[in-house]
Amino acid sequence: MTFHLLILPGDGIGLEVTAQARRVLDWFASHRGLDIEIEEGLIGGASHDRHGTFLTEETKARARAADAVLIGAEGGPKWAHLRTGSGPEARSGLIRLRRELDVYANLRPIRAFDALAGDSPLKAEVIRGTDFVILRELTGGVYFGEPRGIEDLPDGSRRAVDTQVYTTPEITRVARAAFELARRRAGRLHSVEKSNVMQTGVLWRQEVQRLHQAEFADVALDNMLADNCAMQLIRDPRQFDVIVTDNLFGDLLSDGAAMIAGSLGMLPSASLGKPNASGRRQAIYEPVHGSAPDIAGQNVANPLGAILSIAMLLRHSLDLEAEAVLLEGAVEAALASGLRSADIARPGAATVGTRAMGDGVLAALEAAA
Ligand code: IPM
Ligand code: MG
């Protein structure tokens, strides 16, 4: 059965990194019989320049019909002034597409690659062997809560409102995904909120505990406050196996945790929806880094976040675990051979460009195959 992938390169370095991800997919098509059909489309600033909106109805429909979507990155200073309103048109295409496809479970794996352990700003002996997943709730919370907006007050000052809101089904479905993931891994789950301050945190903790007792008592559950979690990630990252948290805390904690992997440029992600009757689930794969307009178009961006997102696609959308492991091994091998993009190079060390890093991964695939 042909697998239909929609690639939305987006803006900035999104174009360069998805080009390398595409070469990797082509390798699996020609060497592993992967039956895949790839289409491309526009999102973000690229879409706005052409169609006057960050996400067109047509792209939405194509994304919904595809088996998976790969996104590069979105946005840049050129379009920042368009984001000031509170209506949906001012919102990023990426955020709208996440909501539209209802991909509520955002997996952000954090690994300390052996080859990079000495290159992280954190001590090698603290991070070595770190391997956990942040499961970020992606379609609710303060990113979408109403009311939101900025209003003028009679005294000439202004007032801004965002709303943090969660319902029990929203909490339960992401918690269930987290318990199931922990069960397939080391069996440990940290649920992270601010139940000492926020009502959404109180409800979050109650629902997670309820589900734990009812269905997942075999998983070791720890409830942790989000500020403490930020500290623990730096102090002792190896204590974590799976972290489940809300949309905003997940955004913050995953950028912080990225430094364990050496760079935000190393982080892949998968955003998954609920499986339908035939087991198919909506999926968006994207590197966690942004569009990095300052280095766009210069062939210096790190493509490994995008390439590792392909490994996640192989694993989660195609059920090709062996191929996913093969690709992750090829990334490790490319790093072990000394290849470094600028973001993961030590000061003064030799660096390679985006395409050469892609070459390195393809060479490692060839060597392993
Ligand atoms: C992320 C990004 C996005 C987010 C931005 C680009 C809207 O930071 O995926 O982590 O805040 O979710
Ligand atoms: Mg972020």
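One-based numbering along the sequence shown. Please read these numbers as outputs of a predicted model, since none were measured by experiment. Whatever order the structure lists ligands and atoms in, that order sets their numbers, starting from 1.
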Under a 4.0 Å heavy-atom limit, does R108 contact ligand 1 with its side chain, its backbone, both, or neither?
side chain
Give the residue, atom name and distance (to 0.1 Å) of the protein heavy atom nearest atom 2 (C) of ligand 1.
D251 OD1, 4.0 Å
Any luck finding a side-chain donor-acceptor pair between N247 and R136 under 3.5 Å?
yes
Per ring-ring contact (aromatic ring centres under 6.0 Å, His included), Y166 is matched among Y104, F249, W204 by W204
Contact region, I95 to ligand 1, non-hydrogen atoms below 4.0 Å, reads side chain
Residue, atom and distance of the protein heavy atom nearest atom 4 (C) of ligand 1 read Y143 OH, 3.4 Å
Regarding K274 and D102, does a basic nitrogen lie under 4.0 Å from an acidic carboxylate oxygen?
no
Can E74 and R83 be counted as an ion pair, charged N to O under 4.0 angstrom?
yes
Backbone or side-chain N/O/S of D251 under 2.8 Å of the Mg ion (ligand 2)
yes
Closer than 4.0 Å and a protein heavy atom, does any atom meet both conditions relative to atom 7 (C) of ligand 1?
yes
Ion pair present between D222 and R188, side-chain N to carboxylate O less than 4.0 angstrom?
no
Closest heavy-atom approach to atom 3 (C) of ligand 1 among R98, R83, E74, H289 is made by R98
Indicate yes or no for a side-chain donor-acceptor contact from T139 to the backbone of V103 under 3.5 Å, with no hydrogens or angles considered.
no
The answer for which part of R136 has a heavy atom under 4.0 Å from ligand 1 is side chain
